[in-house]
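One structure is given below, encoded as structure tokens.
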Amino acid sequence: MRFTRACLALALVAASPAAATAQTRQVTVTFPPGAPGSVSAGLSDRMLVDACRANAAPLYGVSGAAIRLPGRIRPDGQGGFRLDGTVNKGAEGVKKLRCLYRADRRFSHVMAVTPDGE
């Protein structure tokens with residue numbers, strides 16, 4: 001089992017609380033964003049989903065609750081990422097959409113997958 005320095009320091013403090021009171025150390029732990037869908041990408045994936053919902057809702061004239069994004073963040077084949085979902089437009093029906101992101105995981109744009117009239 002591999003431990004990072006922060007995990008090892010926390011394990012030592014837990015093993016010897018008396019030693020921890022004699023010595024205080026500030027530890028900063030950072031988690032770089034992982035690949036889309038990986039365990040370490042949970043927070044950054046949530047941010048991508050939120051950005052998609054926030055940008056797609058006004059485009060389709062619906063609230064964010066009408067947008068469903070059940071898929072995973074996937075590479076788009078051009079160096080960026082994509083997220084597929086649907087939007088319920090009520091009487092107009094359910095439309096498919098795709099949110100696209102740049103390689104640095106910044107939101108790019110929303111693409112309609114279902115053309116109007118279908």
Side-chain angles (χ1 to χ4, degrees):
M1 181 176 234
R2 259 180 67 192
F3 289 101
T4 63
R5 284 186 201 166
C7 290
L8 187 55
L10 292 173
L12 292 174
V13 168
S16 175
T21 58
Q23 177 181 339
T24 304
R25 182 175 288 176
Q26 182 177 357
V27 177
T28 303
V29 180
T30 59
F31 297 98
S38 69
V39 173
S40 64
L43 179 61
S44 59
D45 280 3
R46 170 57 43 200
M47 291 168 39
L48 295 180
V49 168
D50 291 345
C52 180
R53 187 169 279 123
N55 285 281
L59 181 70
Y60 284 96
V62 297
S63 70
I67 298 173
R68 299 282 176 242
L69 301 165
R72 294 179 54 180
I73 309 291
R74 301 198 183 278
D76 69 357
Q78 299 176 358
F81 303 99
R82 67 179 169 92
L83 174 62
D84 294 331
T86 59
V87 58
N88 186 345
K89 294 210 30 146
E92 294 182 42
V94 176
K95 309 285 185 179
K96 293 182 182 178
L97 64 91
R98 176 172 289 160
C99 288
L100 298 170
Y101 305 88
R102 297 180 179 96
D104 61 359
R105 301 173 70 88
R106 287 187 304 140
F107 180 81
S108 176
H109 63 279
V110 176
M111 181 174 81
V113 178
T114 306
D116 284 340
E118 288 186 26

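What you see below is based on every heavy atom in this structure, not just the backbone, and it leaves out hydrogens, waters and symmetry mates. All figures in this text were calculated on a predicted structure; none of them were measured in a lab.
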Do the charged groups of Asp104 and Arg102 touch, with an N to O distance under 4.0 Å? no
Sequence neighbours excluded, the answer for salt bridge (charged side-chain N to carboxylate O under 4.0 Å, His left out) partners of Lys89 is Glu92
Check: Thr114 side chain, Lys96 main-chain N or O, donor-acceptor pair, under 3.5 Å: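 Such a contact is found between Thr114 side chain and Lys96 backbone.
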Do any side-chain atoms of residues 49-62 form donor-acceptor pairs under 3.5 angstrom with protein atoms, and if so which ones, sequence neighbours left out?
| unit_1 | atom_1 | unit_2 | atom_2 | d |
| --- | --- | --- | --- | --- |
| Arg53 | NE | Gly64 | O | 3.1 |
| Arg53 | NH2 | Ile67 | O | 3.2 |
| Asn55 | ND2 | Ala51 | O | 2.7 |

Salt bridge (charged side-chain N to carboxylate O under 4.0 Å, His left out) contacts touching residues 56-70 (sequence neighbours left out):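 Qualifying pairs, neighbours excluded: none.
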To the nearest 0.5 Å, tell me how far Arg105 CZ sits from Leu48 CG. 5.0 Å
Got a list of side-chain donor-acceptor pairs under 3.5 Å for residues 75-87, not counting sequence neighbours?
| unit_1 | atom_1 | unit_2 | atom_2 | d |
| --- | --- | --- | --- | --- |
| Asp76 | OD1 | Gln78 | N | 2.8 |
| Asp76 | OD1 | Gly79 | N | 3.4 |
| Asp76 | OD1 | Gly80 | N | 3.0 |
| Arg82 | NH1 | Asp84 | OD2 | 2.6 |
| Asp84 | OD1 | Arg98 | NE | 2.5 |
| Asp84 | OD1 | Arg98 | NH2 | 3.4 |
| Asp84 | OD2 | Arg98 | NH2 | 3.3 |

